[in-house]
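Let me begin by presenting the structure, written as structure tokens, before commenting on it.
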There are 2 protein chains.
Amino acid sequence: MTIEIERMADILKLLGDRTRLTIMTLLHERELCVCEIVDFLKTSQPNISQHMRKLKAGGLVTEAKRGQWVYYSLNTQDKPYVGEILRHVPSQRKAIEQQTICEDNNCCI
Amino acid sequence: MTIEIERMADILKLLGDRTRLTIMTLLHERELCVCEIVDFLKTSQPNISQHMRKLKAGGLVTEAKRGQWVYYSLNTQDKPYVGEILRHVPSQRKAIEQQTICEDNNCCI
DNA sequence: TAACTATATAATGATCTGATTATATAATCA
DNA sequence: TGATTATATAATCAGATCATTATATAGTTA
């Protein structure tokens with residue numbers, strides 16, 4: 001029981017960071033590769049990579065390698081409260097659609 | 001919009017700590033005074049006091065002074081996802097009932 | 001094979017955080 | 001009023017966290 005609280009606190013801590021919460025909200029719309037997330041968040045690739053590693057270690061996302069790209073998607077079926085949280089975060093859909101992903105460096109083409 | 005994500009991340013960060021998440025779960029059962037929380041969590045009074053200050057600053061709890069005691073209760077009506085989270089934390093009700101609150105120092109009598 | 005692209009890892013450093021110890025404030029009680 | 005109880009605040013510190021810079025790995029393409 002105590003262990004479960006600890007585990008939940010760890011998950012909430014992962015969500016309690018602006019960058020990671022935004023990433024999770026983006027992934028709530030659709031699967032994305034690292035370079036898309038980098039483009040969207042206007043931060044460095046290693047920064048995103050480190051955050052993805054934490055999210056993966058926490059079991060919140062899964063990865064799928066395709067060619068030279070690594071696609072991340074949500075893995076939160078077993079944590080209904082995470083879905084509930086993401087449903088309450090302002091959607092990033094419009095922002096995603098408006099942005100021509102990878103327009104600068106033409107990644108993921 | 002971005003501001004709202006920031007705000008949500010701040011709230012989730014508050015919940016992303018074992019001590020505070022347990023406090024919130026206790027308060028989800030009923031209003032409690034500081035000394036009861038101290039007794040339950042087996043930690044120091046200043047430690048709880050600091051956490052309560054953070055929770056209050058984050059708008060997650062409200063306080064009510066009665067005599068020399070300060071009672072805290074949840075203030076999450078406007079944050080439905082917080083209630084959703086707390087509903088998924090293992091209940092502390094039995095633990096609360098089992099424990100004779102303040103049995104050692106007879107506080108809150 | 002060499003150059004290029006996408007991603008991961010490592011090292012570093014500034015900042016933040018949680019807990020402790022000591023002290024202050026404020027209400028109650030004898 | 002003085003002692004006691006409940007709570008808050010301040011100072012300190014070790015450890016965690018986030019971002020950056022530099023470098024490594026691995027797949028792709030010319």
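Note that the structure is a prediction, hence the values are computed from the model and not measured. Numbers restart at 1 for each chain; the letters A, B, ... are given by sequence-line order, proteins then strands.
Between the CG atom of B:L15 and the C1' atom of C:dG18 there is a distance of 16 Å, rounded to whole Å. Atoms CZ (A:R53) and P (C:dA11) sit 11 Å apart, rounded to a whole Å. Between the CE atom of A:M52 and the C1' atom of D:dC18 there is a distance of 16 Å, given to the nearest Å. Between A:I48 atom CD1 and D:dT20 atom C1' there is a gap of 13 Å when expressed in whole angstrom units. Put simply, CH2 on A:W69 is 12 Å from C1' on C:dC4, counting in whole angstrom units. The CG-C1' distance, from B:L41 to C:dG18, rounds to 14 Å in whole Å. Distance A:L14 CG to D:dA16 C1': 13 Å, rounded to the nearest Å.
Remark: A:T62 pairs with A:S73, A:N75 by the side-chain contact (heavy atoms from CB on, under 4.5 Å) rule, at least two apart or across chains. In this view, B:N47 and B:T43, B:H51 satisfy the side-chain hydrogen bond (donor to acceptor under 3.5 Å, both in side chains) rule, not counting sequence neighbours. Residues passing the salt bridge (Lys or Arg N to Asp or Glu O under 4.0 Å) test with B:R53: none are found, sequence neighbours excluded.
Side-chain atoms of B:Q50 lie closest to D:dA11 of the nucleotides D:dT20, D:dA11, D:dA19. With distances taken from any side-chain atom of B:D17 to the nucleotides C:dT7, C:dG18, D:dT7, the minimum falls on C:dG18. Side chain of A:C35, nearest nucleotide from C:dT7, D:dA22, C:dG18: C:dT7. Closest contact between the side chain of B:N47 and the listed nucleotides C:dT9, D:dT7, C:dA19 involves C:dA19. When distances run from any side-chain atom of B:V70 to the nucleotides D:dT17, D:dT7, D:dT9, the shortest one goes to D:dT7. In the set C:dA10, D:dT7, C:dT7, the nucleotide with an atom closest to the side chain of A:Q45 is C:dT7. Of all nucleotides listed (D:dA10, C:dG18, C:dT9), C:dT9 comes nearest to the side chain of A:P46. Minimum atom distance to the side chain of A:K13 is reached by D:dT17, of the listed D:dT17, C:dT21, D:dC18.
Here the side chain of B:R18 pairs no donor or acceptor atom with the backbone of A:E6 at under 3.5 angstrom. Using modelled atom types, one side-chain atom of A:R20 and one backbone atom of A:L14 make a donor-acceptor pair closer than 3.5 Å.
Close to D:dT7, at under 4.0 Å from its OP1 or OP2, lies no side-chain N or O of B:Y71. For D:dA19, the OP1/OP2 oxygens have a side-chain nitrogen or oxygen of A:T19 closer than 4.0 Å. Between B:H51 and the phosphate of C:dT17, there is no side-chain N or O to OP1/OP2 separation shorter than 4.0 Å. Proximity of A:S44 to the phosphate of D:dA19: no side-chain N or O atom is located under 4.0 Å from OP1 or OP2.
Contact annotation: the side chain of A:F40 never approaches that of A:L32 to less than 4.5 Å [non-hydrogen atoms, C-beta and beyond].
Rotation axes derived from the C1' atoms of the five outermost pairs at either end of the helix from C:dT1-D:dA30 to C:dA30-D:dT1 lie 10° apart, to the nearest 10°.
In plain terms, the two heavy atoms of B:I5 and A:L21 that are nearest each other are O-CD2, 3.8 Å. Across every non-hydrogen atom of B:Q45 and B:V38, the tightest pair is CA-CG2, 3.7 Å.
Residue pairs satisfying the salt bridge (charged side-chain N to carboxylate O under 4.0 Å, His left out) criterion with at least one member in residues 81-91 of chain A, sequence neighbours excluded, are listed as follows: A:E84-A:R87. Applying the salt bridge (charged side-chain N to carboxylate O under 4.0 Å, His left out) test to residues at least two apart or on different chains, the pairs with a partner in residues 62-82 of chain A are A:E31-A:R66, A:K56-A:E63.
For DNA chain C, the neighbouring residues in residues 54-68 of chain B, judged by any heavy atom under 4.0 Å, are B:K54, B:G67, B:Q68.
When each of A:S49 and B:R20 is assigned the nucleotide of DNA chain C with its nearest heavy atom, A:S49 is the one assigned upstream, toward the 5' end.
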